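Just below is one structure, and these are the notes that go with it.
Just so we're clear, the structure is a prediction, and the values are computed from it rather than from any experiment. Computed from heavy atoms alone, side chains included, the values below leave out hydrogens, waters and symmetry copies.
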Protein chains: 2
Amino acid sequence: MASIKDVAKMAGVSISTVSRVINGTANVREDLSARVIEAIKTLGYHSNPLARGLKGLPTKTIGLIIPDIENPFFPAMVRGVQDVAKANGYAIFLCNTDEDAKLEEIQYSLLLEKKVDGILLVTSTSNTPFLQKKLTIPVVLLDRYVKGANLSDLSYVVVDHTFGMNLILNHLRDVGRQKTVFLGSKPITSGARERFQTFLAYHKGDPKIRSRVFFGKYTEESGFEMAEKLLKSGIDFDSVVCGNDLIAFGAIEVLEKNGINVPNDVSIVGYDDISFSLYHSPKLTTIHQPVYEIGEIASHLIIDAIEKGYSEPKHIKLEPRLVIRETSVPRSVKNANT
Amino acid sequence: MASIKDVAKMAGVSISTVSRVINGTANVREDLSARVIEAIKTLGYHSNPLARGLKGLPTKTIGLIIPDIENPFFPAMVRGVQDVAKANGYAIFLCNTDEDAKLEEIQYSLLLEKKVDGILLVTSTSNTPFLQKKLTIPVVLLDRYVKGANLSDLSYVVVDHTFGMNLILNHLRDVGRQKTVFLGSKPITSGARERFQTFLAYHKGDPKIRSRVFFGKYTEESGFEMAEKLLKSGIDFDSVVCGNDLIAFGAIEVLEKNGINVPNDVSIVGYDDISFSLYHSPKLTTIHQPVYEIGEIASHLIIDAIEKGYSEPKHIKLEPRLVIRETSVPRSVKNANT
DNA sequence: AATTTTGTTGAAAACGTTTTCTGGAGGTTT
DNA sequence: AAACCTCCAGAAAACGTTTTCAACAAAATT
């Protein structure tokens, strides 16, 4: 690999001059500058960003930690992040944690070791000990926030899930579905917690509401398993609220296999509005999260923080919206006795 | 940040000794070694991999370039890559190219600049000029290979698409579907080319076969558009072969919207077997690609090449299999006249 | 014409590591 | 007891940059 030294030799100048030409940090005589540029071209020289990073200068790299690359919700977010990052000359270091808190911490310190300029984090935990220390680089939380000692100075971009869950519950009431069960994830992350607590609050008159709640993971398989448990339990229900769309897919699969018609016998609402919800048949009623926007905004936030040094922490809460498709319909007279 | 110098000072030894303790490159007296370890702990020292990378040593980083993170096929592959990489202490640098050849080259040289130890590439091109030069680090191609001057010494892991496409065409013949149309991507990449040519070869008696071929992108939207064009063309068909599952999703959407029943009126076969094909309704008949395995093998290959220096290029071709689900059925008498 | 200012250049230090080289202490061989 | 090894610690060079500093020529001021 050609180094700056080779360029200097070929152009007949010092390495300082080459550096100045490359970075435009000072004036260089016209003809020297031309010779340097010429030499760079013929040698195919690329500056070594490691040496640059060694001086404590930006590496133009952002780390992005997500819980599950196989849940389409996150790739959509990655796209938002990456588009903005690319436009600003940053590369993305993507890491997958499988919703594992321990792995999350490992990835985090790995990114720190790699001297990324900032970290975008979709956490899978409720308290993140590794964020409690004084941060050395900007960190922005996406989709899920955490409470803690020094965490008020962390920026985050989240969605108002209390609002979202109320949209669902009001919609189900509107279509005459009141015997609702909840298939979600344990309320560990802020998002899951908000949704669960809103569900509970809505049913606070019902002492047995807890028996209508099932916990699992954010996958189709888990939705499948939870729905099977639900059926075995013998609980009477006419509607299902799911923690995300994948769970809804799994649940619908089980219900239909057991001769229960969706949406007539049981209406189902998902959460996220991943693209496949539209192509799923029946098309899924769900909560649309502005996922691409989350990525975009967070990306802007962290680049700002990186380039302007310290910046006021911003707490952004976006509004989701209900997308009514085919899996939620009024109880028709024809099906009332099913 | 604490540096090796701080550790040395605290332990009362030279930085050489500290380095030796950390890397185990030479024997160090018991008590000194203990003091060093103690100092490392109390200072919370982490070695700076940039400085290490500067010396031309491995950075324990692998770059992975994929065309479309939003196509679930690739996240599944990423998982395979990442699991093996993690087990070997490597971090993954994931880049998205949107099937854009120019962007692919940019990401490639970006990764090179970042001094990754190796690059895993799912190319979107048929000839990759940037791979023609002498490579400085190992490169392994995934899913798609390229031909070229110096490319025979590149390892790749691909799937036998000639075999796969024949599985589809034989299956369609078995269920009595012979008026088949092709909805795929332009035969730029090796995979698309193999499938298209196999389709053509199968129909080589038919002079008008080219009119039964439609080209677009590997997305639902594109499948949607191609299917609409197909309907507008007035072509008589009883089955559709799709370039991937996403195209199939889009096509099914259009057909059903136009009152054409899938699979009775028209049978459809996808390609890839992404997880949602199982949850799609009707469940998609498709070609299962061992996608996780592709990632795993490629990951092993590149780590081998990195750690053992130069290694014989390996050309691995995996076999796909047909998964018959609900979108392909025999022409029933009841529906024969539709 | 002598002095100051301006503008550019190159030498050298610094960033945090690894590694080669040197030297000294202790043990082993004659 | 003298000469030689062996083992291990520390000094210093090297990796490829950026940046501070000193130096110098030319231009501008007196």
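Where L54(B) and R20(A) each meet DNA chain D at their nearest nucleotide, the meeting point lying more 5' is that of L54(B). Annotation: of the two residues near DNA chain C, R29(A) and K55(B), the 5′-most nearest-nucleotide partner is R29(A). Mapping S14(B) and A51(A) onto DNA chain D by nearest heavy atom places S14(B) at the nucleotide closer to the 5' end.
Distance from the side chain of N27(A) is smallest for dT8(C) among the nucleotides dT18(C), dT8(C), dC8(D). Closest contact between the side chain of S16(B) and the listed nucleotides dT18(C), dG16(D), dA12(D) involves dA12(D). Taking every side-chain heavy atom of S47(B) into account, dT17(C) is the closest of dT17(C), dG10(D), dG16(D). Residue I15(B) has its side chain nearest to dT18(C) when only dT18(C), dA9(D), dT17(D) are considered. Listed nucleotides dT17(C), dT18(C), dA9(D) differ in distance to S3(B); the shortest reach to its side chain belongs to dT17(C). Closest to the side chain of L57(A), out of dT9(C), dT18(C), dT18(D), is dT18(D). Here dT19(C) is the nucleotide among dC15(D), dT19(C), dG10(D) with the atom lying nearest to any side-chain atom of S19(B).
No more than 12 heavy atoms of other residues, nucleotides or ligands lie within 6.0 Å of NZ in K186(A), so this atom counts as exposed by the packing criterion. Other residues, nucleotides and ligands contribute at most 12 non-hydrogen atoms within 6.0 Å of the NZ atom of K217(B).
Here dC7(D) presents its P atom at 17 Å from CD of E30(B), a figure rounded to the nearest Å. Here the P atom of nucleotide dG16(D) and the NZ atom of K9(A) are 12 Å apart, to the nearest Å. Look at CG on D6(A): it is 11 Å from P on dC15(D), rounded to the nearest Å. In this entry the distance linking CG of L50(B) with C1' of dT17(C) reads 11 Å, nearest Å. Atom CD1 of I22(B) is separated from atom P of dG16(C) by 14 Å (rounded to the nearest Å). Rounded to an integer number of Å, the gap from CZ of R52(B) to P of dC15(C) is 19 Å. Residue I40(B) contributes atom CD1, which lies 14 Å from atom C1' of dG16(C) at whole-angstrom precision. In this structure, NE2 of H46(A) is placed 12 Å from P of dT17(D), rounded to the nearest angstrom.
Aromatic ring orientation, F130(B) versus Y108(B): tilted (interplanar angle from 30° to 60°).
K60(A) and E307(A) are joined by a salt bridge, as a carboxylate oxygen and a charged side-chain nitrogen come within less than 4.0 angstrom of each other.
Taking CD1 from I62(B) and CD1 from I92(B), the interatomic distance works out to 4.5 Å, rounded to the nearest 0.5 Å.
Residue N23(A) has a polar side-chain atom (N or O) positioned under 4.0 Å from OP1 or OP2 of dT18(D).
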